[in-house]
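A quick note: this is a predicted structure, and the numbers were derived from the prediction, not measured. Protein chains get the first letters and strands the later ones, always in sequence-line order, with residue 1 at the start of each.
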Number of protein chains: 2
Amino acid sequence: MTGISRAARPRPVPPGSSGLNARDRAYADLRYRILTGRLAPGTTLLETEIAALLGLSRTPVREAVIRLAEEGLVRIRPRHGITVVDLTLADFRDILDVFSALEIRAVALTAARRLTAAQRDALATLTQRMERATAEGDIARWSDLDDDFHAMLVGLCGNARLQRSIGEYWGQQYRGRRLILPHRPLPSASDREHRAILAAVLDGDPQAAHAAHLAHRARADRDQLALLQRVLTPATPEPIEENSHEPHRP
Amino acid sequence: MTGISRAARPRPVPPGSSGLNARDRAYADLRYRILTGRLAPGTTLLETEIAALLGLSRTPVREAVIRLAEEGLVRIRPRHGITVVDLTLADFRDILDVFSALEIRAVALTAARRLTAAQRDALATLTQRMERATAEGDIARWSDLDDDFHAMLVGLCGNARLQRSIGEYWGQQYRGRRLILPHRPLPSASDREHRAILAAVLDGDPQAAHAAHLAHRARADRDQLALLQRVLTPATPEPIEENSHEPHRP
DNA sequence: GTCGCGTGGATGGTATACCATTTCCGCCGG
DNA sequence: CCGGCGGAAATGGTATACCATCCACGCGAC
């Protein structure tokens, strides 16, 4: 394909998304609003309301909403409206289980492939930049780079279906990451594990990559869930700030 | 349960189709036709034609087709119609990669759960019946039981999202199984591996279950792909089924 | 006061109408 | 004879209309 990579696929989706049909625009727009918290969990809207909100008719909105529902971001209750799903700790556990299983496989596949020098460099550079971010205590920056690193590992696996499924869960997992971002400790363990993953991938050793990524995800998921529990459990004594590094205003 | 109460209006409802909404009926119907080969790979239909075929309007058909496309069973090419995807060996490899990764995780989760006596019995019985089928050389029956066994392991994992994703890939994997069914050797290896999986699950040992299922899937996938290669490579495919060709347009 | 039933309205599921885009095909010019 | 161009028809994407269904609410009966 194009020499330049498809660019880090994550990112909730830039606001200026254009050149698509109405269905995809509606999907991208709604997904973006949900992932960035502009559409808060629990928000309930009618098909008509969403259509009006986006300036479209019900048909494309409906198709987009069905897709979001299949992805687990919203729930459709006939005659009750479309509700932004409020994820519980158990939900996050389930999501991470699936997401990790897929990602581990993807990394193993990537390790089994021949990478170009540019790709190898890019991976190595990302880990270095993450370590620098850690050293500087810039967790938000680290988190973005971590997204890029994982996305790149997945993007190189060569299995389009696998990538698609991972992308499907990425959004849900992202919501959890976003919630705990302000509470994250320094990701020294992740940095260390990333080194091991990188080494295995550059070595072209799928077995080692599988093991390394499995270990990484097991620990990272455990930590993330522990943090999520802390964030989610309070009945709401402390309003969780919806602002992080995003522009404000809902 | 549904009985006659629903039939308030004379609707040209497809025969046997239970009382779902039109979208789900269209989805189930099309999926069934594709998986059973009634809609042969390569078949191309227009939205209008499918709608006429199912006796529905385009709207629900469209929604169903979008879902099938996301699932990878059909391909939508605007202004060219909806084509039943003809899976290549590479496709099957990709599909099995994802499917196995998910199923392995599911089995590990199941092993981590407390099962009821009935569930344990059911699993044990299934393996026994499979072994009997093997002894009798009834591969078709064995294959069905194998489906049941795997489905039950997955069904017990307690992660609804994981189950959903597995279900999404099950259909595609099923097409491959169906293709090689007549060429399968006696599944002695599978039976042996199933014993190991069963033991680990009944032991409540997720680690062991993970390892056992990983080994099982790795070997089974390898064998299946080898068979698929044999089935798929000949330019002039053997009469795999009695399925008739679609009438071609003049 | 509470429970049950009926009715009206809201809602979403489905059908249909409309329109922009693309493709196919024939015609004209080179 | 070939290739580009134009237009008509087909097609899918979108908008809208329609209608069965379900829910809420109120009224009446117990």
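Distance L56(A) CG to dT16(D) P: 11 Å, rounded to the nearest Å. Taking atom CZ of R58(B) as the reference point, atom C1' of dT11(D) lies 8 Å away to the nearest angstrom. For I50(B) and dA15(C), the CD1 to P distance is 15 Å, given to the nearest whole Å. Atom CG in L45(B) sits about 18 Å away from atom P in dA10(D), given to the nearest Å. The distance between atom CG of L54(B) and atom P of dT14(C), rounded to the nearest whole Å, is 13 Å. Taking atom CG of residue N21(B) and atom P of nucleotide dT21(D), one finds them 13 Å apart after rounding to whole Å. Rounded to a whole Å, the OH atom of Y27(B) is 18 Å from the P atom of dG13(C). Summarising the geometry, the separation between CD on E63(A) and C1' on dG13(C) is reported as 13 Å, rounded to the nearest angstrom.
With sequence neighbours excluded, no residue satisfies ring pair (Phe, Tyr, Trp, His ring centres under 6.0 Å) with Y27(B).
Looking at D24(A) and R67(A), a side-chain N of the basic residue comes within less than 4.0 Å of a carboxylate O on the acidic one, giving a salt bridge. Electrostatic pairing of D29(A) and R25(A) does not count as a salt bridge here, judged by no charged N lying under 4.0 Å from a carboxylate O.
The side chain of R62(B) places an N or O atom within less than 4.0 Å of a non-bridging phosphate oxygen (OP1 or OP2) of dG13(D).
R23(A) comes within 4.0 angstrom of the backbone, heavy atoms only, and of no base.
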From CA spacing to verdict: salt bridge (Lys or Arg N to Asp or Glu O under 4.0 Å), R62(A), E63(B): CA-CA 9 Å; R62(A) 190 179 156 75; E63(B) 289 167 358; 2.8 Å; yes
Would you list the protein and nucleotides 4-11 of chain C atom pairs, both N or O, that sit under 3.5 Å from each other?
{"residue": "dT11(C)", "atom": "O2", "partner": "R79(A)", "partner atom": "NH1", "Å": "2.2"}

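For the pair Y169(B) (side chain) and L102(B) (backbone), a donor-acceptor distance under 3.5 Å is absent. Checked by atom type and distance alone, the side chain of T44(A) never pairs as donor or acceptor with a backbone atom of G81(A) at under 3.5 Å.
Each of T59(A) and I82(A) was matched to the nucleotide of DNA chain C holding its nearest heavy atom; the match closer to the 5' end belongs to I82(A).
Side-chain atoms of R177(B) and S143(B) include a donor-acceptor pair closer than 3.5 Å.
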